[in-house]
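Single-structure report; data block below.
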Amino acid sequence: MSDSQGRSDRRLVDATTQTEPIPRPPSGAPSLLSARTQTEDDGTDELRPAPRLERLGPAYGIPQHPAPTDLIISGNEGSTPPADLIASALAAEADYQVRRYGRPAALEKQLALHHDVLPQRLIVCAGGDDALGRAILACCHERAPLVLPVPTFEMLSRYAALASADVIEIPWPSGDYPLEAVLEAARGDGKTRDDAGCVMVVTPNNPTGASTDAETIETLARELPRTLIVVDQAYSEYDEAGESVGRAALGFDNTLCVRTLSKAWGLAGLRVGYAIGAPLVIDWLRSVGQPYAVSTAAQRVAEAALRRGGTWVAPHVARVRQERAILSEELRELGLFPRPSQANFVLADMRSSEQAQWLYDAMASLGIAVRRFAPPAEDEVLSTGAADLSAAVRISCPGDEADCVRVCAALRAALAPEALLFDMDGVLADVSGSFRRAIIETAASYGVTLTDEEIATAKTQGDANDDWALTQRLCAAHGVEAELAEVTERFEKLYQGDGETPGLYQKEKLLLPREALAMLRRVARFAVVTGRPRRDAERFLDDHGIAQLFDAVICREDTATLKPDAAPVQAALDALGVRQAWLLGDTVDDIVAARAAGVVPIGVRAPGNVPTPDEALARAGAARVVETTTAIGALLDAAGVAGRKEGA
């Protein structure tokens, strides 16, 4: 596998090229898991995996963004089932449910009745994934490849590797299912290989949302009688043609319909899926799987859900279909390219992989997890680019009106900011010789020795936007209690000067050229959001000739609370009359305040001996951490911010 998201070393076959299976690596080839994965004993005592693991590489997994996220729309989970459903199902015979192995006969009968099929035609599995893996393991082998339209669910090629089967990939970026190319690829040559063991039809497809129709399923089943046509209908409830496709998939002995309760039914954590097919095929799936794949507790909840008839599913599906249209229109208005979808998500093609990465980061900075795809490995051949999703982001429909509004607002904030908000200290002003020095010298006047590291640590812990209060707190930590008014007086004498000694404020420097600020000002309106008193903030802007660039200056007098409260950031938005903005800040408090106001936070490494660590800013929720404020121009370019105009 070539990356952390589970890509295998494979060839993409275009419909116009000769269909050819991907060769397995030769025995003894280098492996991502072990340099010594060989079929022959080399005389060493090292533990080695089976050679088939050469085809897998690292375990499948989706990297998690360091920013805290509370709206997870990266995994395509579905509805929220009634709370009492789960509680009531698990309350009865609780000890039995955890003490006994799961025996799915009762659930299989219920599901068979739900689909009007005989129970012997249905098997319950550990999610739809388990059913898919069993089908491939049962029918694919060295001479019987898997035919796989791509891009699609990454685990399918891994299941083929575990079956020691080749994979023939057919491009399906969008539009109609590539029927003719699949038929051609699935037919064996009678010499080197047989007909395909399985043809995969994921409809609606993940991650594109493309779907197929009943006629396609029927054609595949008739034309490929020696091949198992696996119809993955995990998202079928969202598909307007899902019901007819399902009926078609149940009409042939060589078709297998895979369904799940993980999506529209909202029971993903239970891992309950099932497959419907000919009794002989179902027996094969039982033979290659675990005997007790689904827990008793999970089965009881699933049974209760079926008894209630899934009354919550239809309203959820209607809501998702509405959100699908809303998100697609929002993305188009932002200049992006949403692919048509029949699933509970929208795949958006961006202008570049850099823009896709930015959107992923910016959404996470606002607490929203979306799905980002890794680029293909350098040695992976992409004849059409169909499987390269590095310039795409998948966004699940949240299934809730308020959450959908939040997602759309976050998209606009990330890709169409109307304003740039600047913290002052550490972002516009180098205060390493002023405020930081005043903290140290004020503490020294009480006999307390502070270090730059100690101040940086306190800033990292948050609620440290008021340097007067921070100085008092640090002194108290060293056993010296002092009144805030007195601490403030000593601090201000150092910072402002006393007529004989120059004030430390005179050591402050502008951190970026005025010309660079003026260029950024052409993109969006400006505001300062600072904890400084107004006299100090305006003096700095005037002294450095940049006051006229800022449309609003929010200072400590303007709100009842300071950052990390959202009030100062919200005040800046109100003063500018905008809702979409980015904020540049050098402390955890800046990041937290921006997130709370729905503003994209960008961390800046403040100058000084001990700036706030990048990791602390990222964990607090910064979309990015940049070296200096001057990097914001490149970031705006990467984001593809549109509508730039003079004085916008």
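Counted by atom type alone, Arg490 and Thr442 present zero donor-acceptor pairs between their side chains at under 3.5 Å.
Judged by the 6.0 Å distance and 45° axis criteria, Arg371 is positioned over the aromatic ring of Phe373.
Side-chain atoms of Arg595 come within 3.5 Å of backbone atoms of Ser365 as a donor-acceptor pair (strictly under, hydrogens ignored). No donor-acceptor pair closer than 3.5 Å links the side chain of Arg372 to the backbone N or O of Ala391. A donor-acceptor pair is defined here as one N or O able to donate and one able to accept, closer than 3.5 Å; no such pair exists between the side chain of Asn344 and the backbone of Gly78.
By the 30° and 60° cut-offs, the orientation of the rings of Tyr235 relative to Phe345 is perpendicular.
Tested against Asn465, the residues Asp590, Asp565, Val592 include a single side-chain contact (heavy atoms from CB on, under 4.5 Å) partner, Asp590. Tested against Tyr495, the residues Phe435, Trp468, Phe540 include a single ring pair (Phe, Tyr, Trp, His ring centres under 6.0 Å) partner, Phe435.
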Take Leu331 and Ser328 through the side chain to side chain contact (heavy atoms under 4.5 Å, CB included) test and state the conclusion after the steps. CA-CA 5 Å; Leu331 291 163; Ser328 296; 5.6 Å; no

Walk me through it: do Arg473 and Asp467 pass the test salt bridge (charged side-chain N to carboxylate O under 4.0 Å, His left out)? CA-CA 10 Å; Arg473 192 161 69 239; Asp467 283 346; over 6 Å; no

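Scanning all heavy atoms of the two residues, the minimum distance from Ala356 to Val393 falls at O-CG2, 3.6 Å. In terms of heavy-atom proximity, Ile368 sits nearest to Ala410 at CD1-CB, 3.6 Å.
A salt bridge does not link Asp614 with Arg619: every distance from a Lys NZ or Arg NE/NH1/NH2 to an Asp or Glu carboxylate oxygen is 4.0 Å or more. Of the charged side-chain nitrogens involved, none lies within less than 4.0 Å of a carboxylate oxygen, so that Asp425 and Arg436 do not count as a salt-bridged pair. The existence of a salt bridge linking Glu441 and Arg437 is confirmed by a sub-4.0 Å separation between a basic side-chain nitrogen and an acidic carboxylate oxygen.
One distance of note links CD of Glu489 with CG of Leu494; it measures 11.0 Å at 0.5 Å rounding.
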